[in-house]
Amino acid sequence: MTATPSTPEAGPAELHGPVLAWFEQNARDLPWRRPDAGAWGVMVSEFMLQQTPVSRVLPVYEQWLARWPRPADLAAEAPGEAVRAWGRLGYPRRALRLHGAAVAITERHGGDVPSDHAQLLALPGIGEYTAAAVASFAYGQRHAVLDTNVRRVFARSVTGVQYPPNATTAAERKLARALLPDDEPTAARWAAASMELGALVCTARNEDCSRCPIARRCAWRLAGKPAHDGPARRGQTYAGTDRQVRGRLLAVLREATAPVEQAALDAVWHEPVQRARALDGLVADGLVEPLEGGRYRLPEG
DNA sequence: TAACCGTGGGG
DNA sequence: TCCCCAAGGTT
């Protein structure tokens, strides 16, 4: 290291103002952001938004909250009803976990979504991101909320690379904490604002720097937007995998009102070994309940 | 840690 | 068409 050049690199404080002001003007009016959403609404939205786009979540979210306005309402249902109501959002284990979280909230927390980060983290289906998101968005707490959007915004604007690492690193957590505004309400708005910037402007592909409030200080843009060099980000295969078979099997069970015969499930996939493996996996995951005589249904207990 | 877990839309 | 990506979590 020779003489440290003074870089145009933004300090935390220089990012907060522009991003918060931008959010003020550009935040989407999403139902889980309305005051009446409550912590349960925020939590439901976070489960649904794990790996699923907002546009597809919206209608299911509305139906879900209308049917189960409180955790205890969902907890009183069979888990299979949650799986059915989940529809085609994908990753149906999330529905099961959301149901399990509702049961735990009803049993352990008097029916109220806990505000404590550690207690949130202890619920099924809630990991590092979701715990921070619920604590921040629902309860206004100060947490580093590191989702794929925020990680990309930080990777570009601060670190100067196109994409963040494949898995969240300690360096990213440290950076996120360093960038967090000191006071609680501002930190909570910052979390939502930086996430929204990544979702609307600093997108994975076709980012629109002309609309970015921190473009002038963005390390990646100032460096000429160098292309991602690291290892190729693993693509997810789907066609021909167990996941596809599981999806087909579950779709049949979701749409059925009565237990389904083995033959109806056999019809969804030609290859018997893979088909059986997929069905066994669904049963092992608790997404499917086997009955006597080779019949199956969504779980009732 | 890396693989697994669905589904659909946009470029 | 095909590929990439989408507010992750769990094992």
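Below, chain A is the first sequence line, B the second, and so on; all start at residue 1. Side chains included, hydrogens not; waters and symmetry mates left out as well; all remaining heavy atoms used.
- Look at A:Arg33 and you won't find any side-chain N or O under 4.0 angstrom from OP1 or OP2 of C:dA7.
- Side-chain contact of A:Tyr296 with A:Gln262: a donor-acceptor pair under 3.5 Å is present, judged by distance alone.
- At C:dA7, none of the side-chain N or O atoms of A:Gln50 fall inside 4.0 Å of OP1 or OP2 (strictly under the cut-off).
- Contact between the side-chain N/O atoms of A:Tyr163 and the OP1/OP2 oxygens of C:dC5 is found at a separation under 4.0 Å.
- In this model, the phosphate group of B:dT7 is approached by a side-chain N or O of A:Arg254 to a distance below 4.0 Å at OP1 or OP2.
- Checking A:Leu282 against A:Arg205, the closest nucleotide of DNA chain B that is more toward the 5' end is the one next to A:Leu282.
- Ring to ring, A:Trp40 and A:Trp68 are not that close: their centroids are 6.0 angstrom or more apart.
- Looking at heavy-atom distances under 4.0 Å, A:Arg88 makes contact with sugar-phosphate atoms alone, never a base.
- Between A:Val288 and A:Leu250 there is a side-chain heavy-atom pair separated by less than 4.5 Å.
- Using cut-offs of 30° and 60° for the angle between ring planes, the A:Phe154 and A:Trp190 rings count as parallel.
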Identify each donor-acceptor pair in which a side-chain atom of residues 122-137 of chain A lies under 3.5 Å from a protein atom, sequence neighbours left out, and give them as a table.
{"unit_1": "A:Glu128", "atom_1": "OE1", "unit_2": "A:Arg173", "atom_2": "NE", "d": "3.4"}
{"unit_1": "A:Glu128", "atom_1": "OE1", "unit_2": "A:Arg173", "atom_2": "NH2", "d": "3.2"}
{"unit_1": "A:Glu128", "atom_1": "OE2", "unit_2": "A:Arg173", "atom_2": "NE", "d": "2.8"}
{"unit_1": "A:Tyr129", "atom_1": "OH", "unit_2": "A:Glu46", "atom_2": "OE1", "d": "2.8"}
{"unit_1": "A:Thr130", "atom_1": "OG1", "unit_2": "A:Gln50", "atom_2": "NE2", "d": "3.0"}

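- For A:Arg97, whose side chain is taken as the heavy atoms from C-beta onward, the closest listed nucleotide among C:dA6, B:dC4, C:dT10 is C:dT10.
- Hydrophobic clustering, with ILVMFWY side chains joined whenever heavy atoms are under 4.5 angstrom apart, groups A:Val283 together with A:Leu96.
- Among the heavy atoms of the strands, none lies under 4.0 Å from A:Thr203.
- No side-chain donor from either of A:Glu196 and A:Asn26 sits under 3.5 Å from a side-chain acceptor of the other.
- Checked by atom type, the side-chain pair A:Trp220/A:Gln162 shows no donor-acceptor distance below 3.5 Å.
- Atom CD of A:Glu207 and atom C1' of B:dG11 are 14 Å apart (whole Å).
- Listed pair A:Thr52 / B:dG8 fails the phosphate criterion, with no side-chain N or O lying under 4.0 Å from OP1 or OP2.
- One finds no side-chain N or O of A:Arg243 lying less than 4.0 angstrom from the OP1 or OP2 phosphate oxygen of B:dT7.
- Separating the C1' atom of B:dT7 from that of C:dT11 is a span of 23 Å, rounded to the nearest Å.
- No contact: A:Thr241 has no heavy atom under 4.0 Å from any strand.
- Rounded to whole Å, the distance from CG on A:Leu146 to P on C:dG8 is 11 Å.
- When the P atom of C:dC5 is taken as reference, atom OH of A:Tyr91 falls 14 Å away, rounded to whole Å.
- Nucleotides B:dA2 and C:dA7, compared at atom C1', are 22 Å apart to the nearest Å.
- Here the P atom of nucleotide B:dT7 and the CZ atom of A:Arg94 are 10 Å apart, to the nearest Å.
- In this structure, A:Leu200 atom CG and C:dA6 atom P are separated by 13 Å, rounded to whole Å.
- Contacts of A:Asn206 with the nucleic acid, taken as non-hydrogen atoms under 4.0 Å apart, involve only primed sugar atoms and P, OP1 or OP2.
- In terms of position on DNA chain C, the residue among A:Asn149 and A:Pro124 whose nearest nucleotide sits closer to the 5' end is A:Asn149.
- Set against B:dT7, C:dG8, B:dC5, the side chain of A:Asp242 has B:dC5 as its closest nucleotide.
- Spacing between atom CZ of A:Arg56 and atom C1' of B:dT7 amounts to 4 Å, rounded to whole angstrom units.
- When rounded to the nearest whole Å, the span between CG of A:Leu250 and C1' of B:dC5 equals 12 Å.
- Nucleic acid contact class of A:Gly90 (heavy atoms, under 4.0 Å, all strands): base.
- Whole-Å rounding puts the A:Asn166 CG to B:dC4 P distance at 14 Å.
- Note on A:Glu128: only backbone sugar-phosphate atoms sit closer than 4.0 angstrom, heavy atoms only; bases stay farther off.
- In this structure a side-chain-to-backbone donor-acceptor pair under 3.5 Å is missing from A:Thr159 to A:Val161.
- Interface residues of residues 24-32 of chain A facing DNA chain C, ordered by number: A:Arg28, A:Leu30, A:Trp32; criterion, heavy-atom separation under 4.0 Å.
- The nucleotide whose nearest atom lies closest to any side-chain atom of A:Ala204 is, among C:dA7, C:dA6, B:dT7, C:dA6.
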